[in-house]
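Remarks on the structure that follows.
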Amino acid sequence: MLNCLTNATQSAVPILSVERSGLPAWLDANPAQRDWLAATGFKAEPGSFAFLPGSQGALSAVLAAPNEGAPVWAYAGLPASLPQGRYRLDTKLDPAAATQAALGWALGAYSFNAYKTPKRAPAELVWPAGADRAEVENLARAVGLARNLINTPAEDLGPDELAQAARGVAERHGAKINVIRGDDLLAQNYPTIHAVGRASTRPPCLIDLRWGDANAPLVTLVGKGVCFDTGGLDLKPAAGMLGMKKDMGGAAVVLGLADALMASGTPIRLRVLIPAVENSVAGNAIRPLDIVRTRAGKTVEIGNTDAEGRLILCDALTEADREKPALLVDCATLTGAARVALGPELQALFCDDEAVARELQDAGQRTGDPLWRLPIWRGYRKLIDGKCADLNNVASSPFGGAIIAALYLAEFVSPDTAWAHLDMMASNVSARPGRPEGGEATGLRALYTYLRGRFA
């Protein structure tokens, strides 16, 4: 992604910026281009561009209308739509806007090419003056890491491979990492992680990464790492399985976020917990109405084996909560109900801390990585009472599924812990500027911006 940003300025074609409302004034100031642009039909619709001819048929410039929305997406469609070559923004930008323009260009240059040869290289952009290069590089690498992990097929990305990716992040930043694997999960009291993953030929594990000054505020990130979800014995239909390689999207996002936070030297004590499993079918798979005991000691009746994400998260959250972090955040592709409520572009945020929730939403709005707050409505808590156990992992009602899942997780977090739960999409269902179809680090940039603003 970062290969599309260059220091070389030789032969760089200028990109001129014009918004639709400003096009008449631009034409008045550049009358020689009026007939040409009229002939090409250019009307400065957001995201469109036109080539401006120079003498002897040479290309003199590109006239581009920025995309609407957050500044990061203004020119994010150009790396893939402009011809290969070198370009420079001939627009005066303040440092923040220059940083966002460069980041958007890098995100727009991304493609997942692990299994095929790319048809073309993206267009290059000369680094905009004033851009914070370190910030762009940190975030582009983090988003690229998350996208690559989510896009990788489950055949090549099981619990062990996810743990190896975490080791790579840890080694890059001198972090400590411990992986509890297979039956050791039982010995160390992570029974629900083991129960969900035991039917796979690839053993489940808990990835535990630590970094930072022991005296700094503790921030703990928990990511759902279901590397593939068949639904277990309550088997998903075929159409439902097609998107399940992305069910480790929460893990991918927290790994990318951790990478960016460590690279930027954020003054926190960081812990990352990722329960990594494959929810498979075998003779030893958990069954409907089985009862499992959690790390917290609470018992859970299995109402549906396809509600496995909350099962593995509850053990990790119990461990995270034990240390009373300054902030606990979990990220998970947890419910289809969140997508029904908000669609694919808004990530559901559950948080009872008013200040944290407000600032997270603000960070999402500013970065073009939007979060939408939903309530942890305690009135529905009785719907997850178990008949033969303390809890059921699903509700007795089909309504409010995302809230129900959040309520289940809340059972394993102390009321006085500042906790945010993101029920996320982790993919783009269709391509938009800077956001190609496929795996996406939804929520990563919003969380990074909030955490940097709070702790840096």
Side-chain angles (χ1 to χ4, degrees), residues 1-2 103 106-107 110 112 114 134-152 154 156-181 204-214 216 218-227 245-277 312-313 316 319-320 325 327-333 422 424 426 439-449 451-452 455-456:
M1 291 167 67
L2 289 169
L103 177 59
L107 299 181
Y110 173 87
F112 183 63
E135 183 86 341
V136 172
E137 290 168 355
N138 291 343
L139 281 171
R141 184 179 59 246
V143 171
L145 169 65
R147 287 176 175 178
N148 285 341
L149 289 172
I150 297 166
N151 283 326
T152 300
D156 292 336
L157 188 77
D160 282 349
E161 289 80 10
L162 188 56
Q164 189 57 37
R167 289 186 196 278
V169 172
E171 289 170 3
R172 187 156 55 245
H173 302 290
K176 296 178 180 179
I177 188 167
N178 181 50
V179 178
I180 306 170
R181 188 173 181 269
C205 65
L206 176 66
I207 302 160
D208 188 352
L209 180 152
R210 292 179 181 268
W211 173 88
D213 187 334
L218 175 61
V219 174
T220 301
L221 309 175
V222 177
K224 175 187 170 185
V226 178
C227 296
K245 72 174 184 178
K246 79 175 182 71
D247 212 18
M248 38 60 67
V253 166
V254 300
L255 272 182
L257 176 58
D259 184 74
L261 290 170
M262 291 187 288
S264 64
T266 306
I268 56 175
R269 179 162 51 104
L270 180 65
R271 190 180 189 189
V272 178
L273 289 165
I274 296 173
V277 304
I312 66 171
L313 287 172
E319 169 57 20
L327 180 67
L328 171 58
V329 179
D330 78 80
C331 297
T333 51
L422 270 65
M424 58 178 47
E440 184 57 273
T442 47
L444 187 156
R445 291 179 302 105
L447 287 166
Y448 175 84
T449 299
L451 290 169
R452 289 286 293 165
F455 294 104

Working note: Val219 + Val329, criterion side-chain contact (heavy atoms from CB on, under 4.5 Å); need CA distance, chi angles, decisive distance, verdict. CA-CA 8 Å; Val219 174; Val329 179; 5.6 Å; no
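- Donor-acceptor pairing under 3.5 Å is recorded for the side chains of Tyr448 and Glu135.
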Please tabulate, for the side chains in residues 163-170, all donor-acceptor contacts under 3.5 angstrom to protein atoms that are two or more places apart in sequence or on a different chain.
none

Pair Leu206-Val179, side-chain contact (heavy atoms from CB on, under 4.5 Å): steps then yes or no: CA-CA 6 Å; Leu206 176 66; Val179 178; over 6 Å; no
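- Between Gly439 and Ile150, the shortest heavy-atom distance links the atoms CA-CG2, 3.5 Å.
- Put simply, CD1 on Ile268 and CG on Leu218 are 8.5 Å apart, with the number rounded to the nearest 0.5 Å.
- For the pair Pro325 and Thr220, the tightest heavy-atom approach, listed with the atom from each and the gap, is CB-OG1, 3.7 Å.
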Validation: residues 248-258 side-chain donor-acceptor distances under 3.5 Å, sequence neighbours left out:
none

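- For the pair Arg147 and Phe112, the cation does not sit on the ring face, since its NZ or CZ is not both under 6.0 Å from the ring centre and inside 45° of the axis.
- Note that the CZ atom of Arg445 and the CG atom of Leu103 stand 6.0 Å from one another [nearest 0.5 Å].
- Looking at residues two or more places apart in sequence or on another chain, you find a salt bridge (Lys or Arg N to Asp or Glu O under 4.0 Å) between Arg181 and Asp160.
- Checked against salt bridge (Lys or Arg N to Asp or Glu O under 4.0 Å), Asp156 has no partners two or more places apart in sequence or in another chain.
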Which is it for Ile207 and Leu273 under the side-chain contact (heavy atoms from CB on, under 4.5 Å) test, yes or no, and what are the steps along the way? CA-CA 6 Å; Ile207 302 160; Leu273 289 165; over 6 Å; no
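- For the atom pair OG (Ser264) and CD (Glu137), the distance works out to 13.0 Å, reported to the nearest 0.5 Å.
- Panel note: side chain Asp247, backbone Cys227; no donor-acceptor pair is recorded below 3.5 Å.
- Pairs passing the salt bridge (Lys or Arg N to Asp or Glu O under 4.0 Å) check and including a residue from residues 254-265, sequence neighbours excluded, read Arg141-Asp259, Arg172-Asp259.
- Separation of atoms OG1 (Thr333) and NZ (Lys246) is listed at 5.5 Å; rounding is to 0.5 Å.
- Among all heavy-atom pairs drawn from Ala320 and Val222, the shortest one is CB-CG2, 4.2 Å.
- Remark: side-chain polar atoms of Arg269 are paired, donor with acceptor, to backbone N or O of Ala214 under 3.5 angstrom.
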Pair Met262-Leu270, side-chain contact (heavy atoms from CB on, under 4.5 Å): steps then yes or no: CA-CA 8 Å; Met262 291 187 288; Leu270 180 65; 4.0 Å; yes
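- Closest approach of Trp211 and Ala175 over heavy atoms only: CB-CB, 3.8 Å.
- Distance check: Leu157 CG to Asn151 CG gives 10.5 Å after rounding to the nearest 0.5 Å.
- In this structure a side-chain-to-backbone donor-acceptor pair under 3.5 Å is present from Thr266 to Leu261.
- Applying the side-chain hydrogen bond (donor to acceptor under 3.5 Å, both in side chains) test to Arg271 and every residue at least two apart in sequence or in another chain returns Asp208, Glu319, Glu323.
- Shortest non-hydrogen contact noted between Pro159 and Cys205 is O-SG, 3.8 Å.
- The minimum heavy-atom distance between Thr152 and Asn148, with the atom names listed, is OG1-O, 2.7 Å.
- With rounding to the nearest 0.5 Å, the separation of CG in Leu447 from CG in Leu422 is 5.5 Å.
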